[in-house]
Amino acid sequence: MLQAKPLISARRPWPGYLAALVAGGFSTLSFAPFHLWWLGPIAVALMYLGQHRLSVGQAALRGWLFGVGLFGTGTSWVYVSIHDYGYTGVPLALFLTALFVATLALFHAFVFGLYRRFTAPRLAFLSFAGVWVLGEAFRSWAFTGFPWLLLGSAQVDSPLAPWAPVGGVYLLSLIVALTGTLLVEFCRRRWWAIAPIALLWLAPLALPGQWTAPAADPLRVALLQGNLPQLSKWSAEGQRNAVNTYTRMTRQQPDDVDIIVWPETALPMFERQARLFMARLQSTLPPQTSLLTGIVQRDEAGRYYNAITGVGDVRGEYRKSHLVPFGEFLPLDFLLRGIIDFFDLPMSDFAAGADSQPPILTHGVAIGSAICYEIVYPDLVAERARDANVLLTVSNDTWFGRSIGPLQHLQMARLRALENGRYVVRATSNGVTAIIDDQGHLRERAPQFEAASVVGEIVPMTGLTPFTRTGSWPTWLLSLLLLAPALVWRTRQPS
């Protein structure tokens, strides 16, 4: 009796290579602005099929192709940043974007190559899910980290969302990965696989709906979005335009607003100069109104900081501690600076603030801060949330242009709110400016690409979710435990 050949094998790897590219594209579609979260498990299933029939090299190539599909579609906004704002021509911008995508894809090649080399196929549905999450954790840490497009980030609107306060984005990734591998087992007529799938997806119905509680009366906030042109922002005309725009918009806010927030580097000047305008403006506001803004600071040693400061009833400040490579500092500066204009972007020589900084205090409320890219780091935000009642993030998403980047950025900010049971106040230069409640829901938002303000209430919260208390390490440990049996059985196999 003839047996059907497996679709994916060492002798027929091409269907698997194609499946890897498709899986990467499916992963992107699971995120904002597409929100097809159910494609996440399908992407994992496509990658799981036939893994242990491949050679190490074939498994690594499949991982790399998955990364190309994921980052080639999901981080296409990199081209906008390089071409539109990096003063780089189309051919070079395309080359640098392709290099960025191909380099990031190496993370998946490395992880899946090692997985194939050192694991046995027994209980592979567990070990593959475990290595997926450990791979995401490694990518979030290595070379300052890139925790963008983590599998679990797409689940903020799915039935799995209540797991987020329990274990954060990596627990969501683990559940999605397990769902994908179990779906493959179920299709192999291992009917028992439906039971753990049902448990993982129905258990959120029994989880608490609220982990934190109001700590004080609501505050009214106004978030301003100036929508100023980025390319001329730092010119003398751009500075005047910024001062006039934010002064006019601030004076238009209701008198009962407690806190007004401007976005990252709202005024394109150093703090010493900006404070003159801010103090003069604040004196015309109601006495109870505080003003917070992103600003560039320069200390006596000549170091620059991307910071948040304020006037009025404001105590403390925040200096960004996790900087963006090439955007805020240049790795291998002595080699790269001056080679091409992209490596000489304005204000690309910041110093990092301290890792641990006290919250900003205003109106008796502690505000934990994250500037721009920092909001995508779940453990960094959890650390800030432990001592804060509200989370604040200011950003300049103009660098993304009219791409999918700002909407992905907003989605991750929503997940940070849900993970920590805290309202997130998000002020951006041209969108998406929004108020996010402690459940990750959008309460108010401004339209993109126009000058607008968002006015609404935020509730200071107290208490800690399980994730805020522990961070991601319990999920990383669980992932390692899921991987361990496959590693042990591999060592027992004869060579």
Side-chain angles (χ1 to χ4, degrees), residues 8 10 13 16-28 40 43-75 78 96-121 124-153 169-170 173-174 176-178 180-181 325-326 331-332 376-377 472-473 475-488 490-491:
I8 300 172
Y17 297 156
L18 178 60
L21 280 170
V22 171
F26 277 3
S27 294
T28 293
V44 175
L46 288 173
M47 290 299 295
Y48 176 61
L49 279 169
Q51 270 289 327
H52 286 277
R53 297 192 185 101
L54 304 176
S55 67
V56 173
Q58 290 171 338
L61 180 56
R62 280 188 68 189
W64 185 79
L65 289 171
F66 172 83
V68 169
L70 173 64
F71 298 117
T73 55
T75 63
V78 170
L96 290 174
T97 302
L99 180 63
F100 174 81
V101 169
T103 302
L104 278 179
L106 290 175
F107 280 102
H108 294 278
F110 176 72
V111 169
F112 290 122
L114 286 181
Y115 174 78
R116 179 63 189 92
R117 171 63 179 85
F118 291 107
T119 63
F125 69 93
L126 295 177
S127 61
F128 190 80
V131 81
W132 190 293
V133 172
L134 293 174
E136 287 192 341
F138 176 66
R139 173 162 61 89
S140 300
W141 167 80
F143 309 108
T144 78
F146 189 71
W148 204 277
L149 302 179
L150 300 181
L151 196 62
S153 296
V169 64
Y170 295 105
S173 290
L174 182 60
V176 172
L178 278 170
T181 60
F326 302 104
L332 302 176
V376 310
Y377 288 86
S472 299
W473 71 263
T475 300
W476 297 338
L477 178 59
L478 176 59
S479 300
L480 186 60
L481 291 175
L482 294 180
L483 180 61
L487 295 172
V488 171
R490 178 71 176 186
T491 61

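Looking at R139, its side chain never comes within 3.5 Å of a backbone N or O of G145 through a donor-acceptor pair. Within the 3.5 Å criterion, the main-chain N or O of L70 finds a donor-acceptor partner in the side chain of T28. Remark: the backbone N or O of L151 is paired with a side-chain donor or acceptor of E136 at under 3.5 angstrom. Side-chain atoms of T73 come within 3.5 Å of backbone atoms of G69 as a donor-acceptor pair (strictly under, hydrogens ignored).
Considering every non-hydrogen atom in both L126 and L482, the closest pair reads O-CB, 3.6 Å. The shortest non-hydrogen separation linking H52 to T119 is CE1-OG1, 3.3 Å. Minimum heavy-atom separation, G152 to S173: N-OG, 2.7 Å. Considering all non-hydrogen atoms of both residues, R62 and Q51 come closest at NH1-NE2, 4.0 Å.
T475 is listed as a side-chain neighbour of S479, based on a closest heavy-atom distance under 4.5 Å. Residues S27 and L149 fail the side-chain proximity criterion, which asks for heavy atoms closer than 4.5 Å.
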Compile the donor-acceptor pairs under 3.5 Å between side chains in residues 96-113 and protein atoms, sequence neighbours left out, one pair per line.
residue: T97; atom: OG1; partner: A93; partner atom: O; Å: 2.8
residue: T103; atom: OG1; partner: L99; partner atom: O; Å: 2.7

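Remark: A137 pairs with Y170, W476 by the side chain to side chain contact (heavy atoms under 4.5 Å, CB included) rule, at least two apart or across chains.
Relative orientation of the W141 and F138 rings is tilted, given thresholds of 30° and 60° on the angle between their planes.
Checked against the 6.0 Å centroid threshold, Y115 and F128 count as a close aromatic pair.
For the atom pair L21 CG and L46 CG, the distance stands at 11.0 Å (nearest 0.5 Å).
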Requested in this report: Please report the C-alpha distance between W132 and T181 in whole Å, then the side-chain angles of each, then the deciding distance to 0.1 Å, and finally whether the side chain to side chain contact (heavy atoms under 4.5 Å, CB included) criterion is met.
Outcome: CA-CA 11 Å; W132 190 293; T181 60; over 6 Å; no

